[in-house]
Amino acid sequence: MIFESHAHYDDEAFDQDREEILRECRDQGIEAIVNVSASLSSVKSTLALAKQYPFLYAAVGIHPDETGELNEESFAWLREQCRQPKVVAVGEIGLDYYWDKERHELQKYWFHRQMELAKELKLPVIIHSREAAADTLEAVQKAHSPKLRGVIHCFSYTAELARAYLDMGYYIGIGGVVTFKNAKKLKEVVKMLPLERILLETDCPYLAPEPHRGKRNSSLNLPYIAEAIGRLKGVETEKVIRVTNENAKALYFGT
Ligand code: NI
């Protein structure tokens with residue numbers, strides 16, 4: 001069965017039919033979903049979804065674009081939320097110099113604090129990094145410890161950089177972009193990655209794979225992503241689904 005390692009079902013894009021979609025996911029063989037928060041308000045909505053749906057788990061963290069919301073008081077609140085049942089990761093956290101919504105120094109500061117929080121609470125991290133390759137690597141190396149595990153979600157850098165993260169024990173999240181014709185660099189990365197270190201993800205409602213590119217995404221599209229990975233690696237789609245499921249459970253559930 002499929003493990004969805006990164007979704008945003010609290011997004012307003014699902015306000016009209018959230019219950020239907022999640023029921024369909026369950027019926028279509030999605031075994032588990034990690035819903036990832038990005039802001040203080042989405043931490044609340046993510047935890048509410050985790051309470052409501054037995055197969056949905058929560059990641060609690062503040063996205064680099066939203067780090068302006070953080071101060072010692074809100075950070076203390078965030079730490080408390082990490083102790084709620086069904087919280088399986090700190091995320092998504094990281095650096096985003098594409099949207100560039102917050103000062104780089106502020107993004108780096110709260111990225112580091114949230115990685116330290118994950119270490120303290122023995123939770124893995126879900127890392128978002130866009131147009132910030134060098135600074136992300138530096139921050140992750142600085143926080144590196146055998147106690148800190150995680151995934152680089154929606155990986156968008158080179159094979160060489162993927163290797164550096166593999167060497168530190170990280171998983172690499174692969175989503176809809178791998179199905180795009182123009183995604184040459186990512187396809188090279190996927191060919192190089194051991195299947196044992198890949199997580200399947202949608203990042204829905206964003207980044208729908210071919211043949212649904214541009215439309216609202218959901219976990220129901222994960223088979224297209226598994227199929228594309230299988231083609232690149234010369235393995236059956238079923239095997240991609242099975243191994244990435246084991247990988248996600250190892251990371252999020254420690255099994
Ligand atoms: Ni995301």
Side-chain angles (χ1 to χ4, degrees), residues 1-63 65-67 69-70 73-94 110 113-115 117-128 149-151 153 171 173 175 199-206 216-222 244-255:
M1 282 169 96
I2 292 178
F3 196 117
E4 159 72 284
S5 70
H6 192 119
H8 301 281
Y9 283 107
D10 57 315
D11 192 284
E12 61 184 11
F14 294 109
D15 280 353
Q16 302 306 316
D17 57 355
R18 185 171 293 112
E19 236 183 287
E20 267 169 74
I21 292 263
L22 285 169
R23 194 184 321 120
E24 218 184 322
C25 285
R26 188 77 241 210
D27 292 348
Q28 300 289 324
I30 308 292
E31 184 184 0
I33 293 172
V34 174
N35 203 76
V36 181
S37 58
S39 63
L40 293 170
S41 74
S42 79
V43 167
K44 290 181 198 159
S45 49
T46 293
L47 290 169
L49 285 178
K51 257 194 192 139
Q52 196 181 345
Y53 295 93
F55 76 131
L56 188 145
Y57 297 81
V60 165
I62 304 300
H63 185 286
D65 288 351
E66 310 294 337
T67 43
E69 290 186 329
L70 282 172
E73 196 186 336
S74 55
F75 189 70
W77 179 85
L78 196 72
R79 169 186 276 113
E80 284 313 305
Q81 306 318 304
C82 286
R83 298 183 193 278
Q84 299 255 6
K86 295 182 80 184
V87 173
V88 295
V90 171
E92 55 189 292
I93 61 174
W110 289 113
R113 289 287 302 272
Q114 292 184 92
M115 283 195 284
L117 177 66
K119 260 190 235 175
E120 176 196 323
L121 300 175
K122 300 188 175 65
L123 287 169
V125 285
I126 299 174
I127 295 178
H128 167 105
R149 291 152 45 80
V151 54
H153 123 81
Y171 290 86
L199 297 191
L200 271 193
E201 65 171 45
T202 57
D203 204 19
C204 66
Y206 312 106
R216 184 185 71 172
N217 199 5
S218 83
S219 310
L220 297 169
N221 287 326
L222 283 166
T244 56
N245 179 309
E246 292 166 3
N247 298 344
K249 284 178 181 165
L251 180 66
Y252 292 131
F253 301 159
T255 53

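Bear in mind the structure is a predicted one, so any value in this text is a computation, not a measurement.
Remark: the backbone N or O of Ala250 is paired with a side-chain donor or acceptor of Arg149 at under 3.5 angstrom. Of the possible donor and acceptor atoms, none in the side chain of Tyr57 sits under 3.5 Å from a partner among the backbone N and O of Ala89. Put simply, the side chain of Lys86 gets close to the backbone of Pro54: a donor and an acceptor are under 3.5 Å apart. With Ser37 contributing its side chain and Ala59 its backbone, the two residues share a donor-acceptor pair below 3.5 Å. A donor-acceptor pair is defined here as one N or O able to donate and one able to accept, closer than 3.5 Å; no such pair exists between the side chain of Glu80 and the backbone of Ala76. Without hydrogens or angle criteria, Arg216 side chain to Cys204 main chain gives no donor-acceptor distance under 3.5 Å.
For the atom pair CE (Met1) and CD (Gln28), the distance works out to 10.5 Å, reported to the nearest 0.5 Å. Taking CG of Asp11 as the reference point, atom CZ of Arg18 lies at 8.0 Å (rounded to 0.5 Å). Taking CD of Glu69 as the reference point, atom NE2 of His63 lies at 12.0 Å (rounded to 0.5 Å).
Counting only heavy atoms from C-beta outward, the side chains of Leu222 and Phe3 never approach each other to under 4.5 Å. Side-chain atoms of Val87 and Leu47, non-hydrogen and from C-beta on, do get closer than 4.5 Å to each other. Here the side chains of Ile33 and Leu22 are in contact, with some heavy-atom distance below 4.5 Å. Using a 4.5 Å heavy-atom cutoff, the side chains of Leu40 and Ser74 are in contact. Looking at heavy atoms from C-beta onward, Gln114 lies in side-chain contact with Ile62 at the 4.5 angstrom threshold. In this structure, the side chains of Leu78 and Val60 come closer than 4.5 Å at one or more pairs of heavy atoms. Glu92 places a side-chain heavy atom less than 4.5 Å from the side chain of His8. Side-chain contact between Cys82 and Leu117: present, with at least one pair of heavy atoms (C-beta onward) separated by less than 4.5 Å.
Side-chain contact annotation: Glu4 with Thr202, donor-acceptor N/O pair under 3.5 Å present. Residues Asp10 and Asn35 have side chains that bring a donor and an acceptor to within less than 3.5 angstrom of each other.
Residue pairs that meet the ring-ring contact (aromatic ring centres under 6.0 Å, His included) test with at least one member in residues 9-56, sequence neighbours left out, are Tyr9-Phe14.
Aromatic ring orientation, Trp110 versus Phe75: tilted (interplanar angle from 30° to 60°).
In plain terms, the two heavy atoms of Ala118 and Val125 that are nearest each other are CB-CG1, 3.4 Å. For Ile21 against Ser218, the heavy-atom pair with the smallest separation is CG2-CB, 4.3 Å. Between Val34 and Ser5, the shortest heavy-atom distance links the atoms CB-O, 3.7 Å.
Environment of CD in Glu19: sparse, with no more than 12 heavy atoms of neighbouring residues, nucleotides or ligands closer than 6.0 Å.
For Tyr206, the ring-ring contact (aromatic ring centres under 6.0 Å, His included) criterion is met by no residue, not counting sequence neighbours.
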